[in-house]
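These notes are about the structure you will find just below.
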Amino acid sequence: MNQLAKTNNGIMMKTRFFALAIIGAALAACSSAPSSPTATQQEPLTSYDEIRQRPSTPINRQALEFNPATAKSEDVELWLQQAMSLDPEAAQELQLRAAEVLLRDGEMGRADDTVRDLVAPELTPNQALRLALVRARIHRAHAEFSEALIQLSDPLVEQAMLEAPLRRQLQFSQLRASLFAIEGDHLAAVREWIFIDPLLTPSQQEQNRDAIWQSLMQIPTSVLLDKLDSASNRDYLGWLELASVAKDNQGDIEAQIRQRDTWLARWPNHPGRDPLPGGLDQLDSLIVDQPAKLALILPFTGRFASYGKAIRDGFIAAYMQAQENQARTPEIILYDSGSGDINRLLDQAISDGCELAIGPLRKEKLDELISQHPKMMPIPTLALNRIEGDQFPSGLYQFGLNPQDEAEQIADIARNKGLQRAMIITPEGNWGSKVAQAFAQRWQQAGGYISDSTNFNAKSNDYSKRIKQLLHIDQSEQRRRRLQQIIGMTPYFEPYRRSDADMIFLVARPNEGRAVKPLLAYHYAGDLPVYATSHIYRGNTDRSRDQDINGIHFVDIPWVFNSDSAIRQAINAHFARSDAFQRMYALGIDSFRLHMRINQLRTGSGQVFGETGTLTLNALGQIERELTLAEIRGGVAVIDASSQE
């Protein structure tokens with residue numbers, strides 16, 4: 001695996017956490033022991049974490065004294081009544097049974113009340129484990145994921161889990177894995193799912209292995225490679241190697257095929273090979289479908305020439321890197337869309353023998369292209385922008401750095417963190433309104449509530465006024481003035497903000513963000529987490545100025561955090577104004593990588609791990625991106641720690 005390919009892989013964002021939690025919960029609900037276990041005891045069980053690193057070991061298969069799935073709901077009241085007159089040991093068992101059935105029936109509050117007074121050290125090991133599961137499930141239902149993991153990480157509980165019956169061990173591991181995934185500790189989640197995989201039925205294994213793969217795809221390639229030397233569990237090692245194959249050589253399919261075939265020869269019996277995940281089984285057909293000649297249709301003159309040239313330079317840099325690695329590359333023909341008719345240029349490209357087109361960049365040009373070809377494009381076309389609509393011509397693929405995508409991803413991240421009530425701050429104008437609308441729609445679809453919103457005018461510098469109104473600080477001050485009039489003296493007074501919000505979604509450019517964030521703290525909202533789009537960060541370190549946006553969480557493309565990338569260093573060395581066009585270079589690089597993998601994405605089973613994010617294709621032919629989550633700390637953008645576990 002060449003070092004250049006390793007360094008080019010960006011750090012992926014965590015975004016499927018809630019889906020993985022659902023998978024884990026579904027498996028936990030239907031787990032049953034397979035009829036012919038294959039695990040063998042190798043040495044005594046000493047600790048929970050150590051077991052996760054070993055080859056699969058047998059699990060205690062004693063029958064459970066109680067299974068809530070078969071209990072009757074009406075028994076709960078009888079058990080709770082009996083518990084009041086029984087000795088503590090018998091009462092504790094009935095309380096646990098009642099809580100387990102209440103959880104099954106969705107009565108979280110009553111289940112919590114039922115076990116509120118139980119103390120794990122006073123219970124049997126099996127009861128302590130059951131209590132931890134009850135409390136963890138309650139915490140998860142309230143989106144208190146870290147608290148749920150604390151319940152399942154108690155040494156007493158972990159030791160009890162090693163001696164528990166099979167069904168309970170599966171329930172424990174699946175719940176714990178789903179929580180790890182939500183919290184972003186994907187390596188820990190993968191270890192849990194791998195450990196229980198041999199103990200599941202074939203249908204459960206299919207879901208389980210999909211969860212393994214989805215979590216592996218959230219782990220940066222550098223982390224996967226670092227863990228290879230320390231992995232002692234053979235299945236775990238094989239999964240790590242396969243995931244690194246999937247993420248490597250994004251611009252060289254032939255090299256990726258060689259790596260895949262080496263893996264298949266090395267792992268003839270690995271559970272990850274039947275079937276191969278992530279579209280790895282489709283790589284051979286991609287070679288056959290590669291275009292011999294393609295058109296790059298971008299504005300090289302006119303108002304948007306600087307953007308077109310930056311995209312071109314990124315594209316050519318990726319093209320040259322592929323050639324240096326002896327990969328197969330097409331012939332490239334450049335067409336200037338700065339002043340020419342886009343449909344005439346496409347016709348010329350077809351006449352010149354081009355089999356695929358990349359471009360145009362501007363939305364107006366894309367509209368003209370679609371109006372001429374409403375049903376089907378004459379050749380596959382990868383446009384470098386996106387327009388609104390619900391129906392597009394066949395063969396058209398739209399790929400752009402759309403801020404609405406970022407807003408939707410932030411909504412998913414914040415909801416998965418358990419945040420419920422959001423306030424929105426955006427600049428005045430159509431752009432800010434569209435981004436705010438995208439966030440609000442996704443947020444409400446996910447069950448969130450919009451407490452309020454405001455917009456600011458940077459030219460009139462009305463930040464403080466708008467923030468005071470949003471936080472109801474002005475109302476608090478009005479109450480002080482009325483009180484002063486009533487009592488005739490100045491009372492001790494400290495304004496307070498509204499309490500019906502637990503986060504802020506901010507759309508702002510760096511200078512605007514540097515004005516807004518300190519004012520939030522000044523107006524008593526410094527404790528509210530702030531999530532922003534990539535516009536808050538210029539893409540280069542400015543420690544002294546970015547101190548004012550400390551604490552802001554934002555999403556951005558992996559490219560801006562990967563300063564060690566050889567291709568980025570080469571671009572920065574060759575172009576004097578490179579800082580202003582970093583995202584355009586990344587767009588050009590990924591357009592090169594995408595052109596050879598469109599057919600892989602069309603199946604829905606593959607991803608491209610690019611410089612602009614993890615790329616997938618939706619049903620409308622639009623490229624969707626998963627970005628990297630970061631935070632400003634000490635004036636420096638730092639990748640969210642959970643994405644690097």
Side-chain angles (χ1 to χ4, degrees), residues 1-10 12 209-210 212-214 216-217 219-222 224-225 228 234-235 237-294 315 317-332 355-356 358 380 382 397 558 565-567 589-611 614-617 623:
M1 187 180 303
N2 62 73
Q3 184 62 35
L4 180 61
K6 294 177 189 174
T7 56
N8 277 343
N9 279 285
M12 297 299 105
R209 291 169 188 175
D210 181 64
I212 290 171
W213 190 251
Q214 296 299 335
L216 285 169
M217 292 300 96
I219 302 170
T221 305
S222 58
L224 293 172
L225 296 174
L228 291 177
R234 291 285 294 170
D235 282 352
L237 176 61
W239 280 111
L240 293 179
E241 289 184 4
L242 186 61
S244 66
V245 169
K247 290 192 165 190
D248 198 14
N249 287 307
Q250 295 299 284
D252 189 346
I253 295 175
E254 291 169 303
Q256 192 174 31
I257 289 174
R258 291 193 294 271
Q259 286 186 321
R260 180 204 63 189
D261 292 346
T262 299
W263 185 91
L264 288 170
R266 174 173 160 80
W267 299 96
N269 300 309
H270 193 274
R273 60 179 291 144
D274 187 24
L276 281 171
L280 290 172
D281 56 344
Q282 303 165 16
L283 297 179
D284 302 270
S285 63
L286 296 181
I287 294 293
V288 178
D289 296 334
Q290 292 304 297
K293 185 183 294 187
L294 63 80
F315 184 96
Y319 177 87
M320 294 180 64
Q321 182 190 72
Q323 285 191 327
E324 289 171 3
N325 294 331
Q326 298 183 335
R328 186 182 308 181
T329 54
E331 179 185 347
I332 309 298
E355 302 170 56
L356 183 144
I358 296 178
L382 177 64
Y397 306 96
S565 163
I567 194 170
I589 292 169
D590 280 356
S591 65
F592 173 79
R593 295 174 178 173
L594 274 171
H595 92 268
M596 65 182 72
R597 294 180 182 269
I598 287 292
N599 288 337
Q600 183 182 14
L601 295 185
R602 286 176 58 190
T603 67
S605 60
Q607 299 167 295
V608 172
F609 300 93
E611 305 296 350
T614 301
L615 310 178
T616 56
L617 188 69
I623 303 295

Next item on the list: Test Trp263 against Gln259 for side-chain contact (heavy atoms from CB on, under 4.5 Å), laying out the working first.
Entry: CA-CA 6 Å; Trp263 185 91; Gln259 286 186 321; over 6 Å; no
Specify the closest pair of heavy atoms between [X] and [Y], including all atoms of both residues, with the distance to one decimal.
X	Y	value
Leu276	Leu242	CD2-CD1, 4.1 Å
Ile253	Leu283	CG2-O, 3.8 Å
Phe315	Ser591	CD1-OG, 3.3 Å
Leu280	Ala246	CD2-CA, 4.0 Å
Leu225	Ser244	CD2-CB, 4.1 Å
Gly251	Phe592	O-CE2, 4.2 Å

Out of curiosity, [X] [atom1] to [Y] [atom2], how far, rounded to the nearest 0.5 Å?
X	Y	atom1	atom2	result
Glu355	Asp289	CD	CG	10.5 Å
Leu617	Gln600	CG	CD	11.5 Å
Glu611	Ile567	CD	CD1	7.0 Å
Asn599	Gln282	CG	CD	9.0 Å
His595	Tyr397	NE2	OH	13.5 Å
Lys247	Thr221	NZ	OG1	5.0 Å

Margin query: Checking Gln256 against Asp248: is there a side-chain donor and acceptor pair closer than 3.5 Å?
Written below: no
Any donor-acceptor pair under 3.5 Å from [X] side chain to [Y] backbone:
X	Y	answer
Arg593	Gly610	no
Gln290	Met596	yes
Asp252	Ala255	yes
Gln250	Phe609	yes

Margin query: Please verify the inter-ring angle class for His270 with Trp267; under 30° counts as parallel, over 60° as perpendicular, anything in between as tilted.
Written below: perpendicular
Margin query: Tell me whether Asp284 is salt-bridged to Arg260, with the criterion being a basic N under 4.0 Å from an acidic carboxylate O.
Written below: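 Salt bridge present between Asp284 and Arg260.
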Margin query: If the threshold is 4.0 Å, N to carboxylate O, is there a salt bridge linking Arg328 and Glu254?
Written below: yes
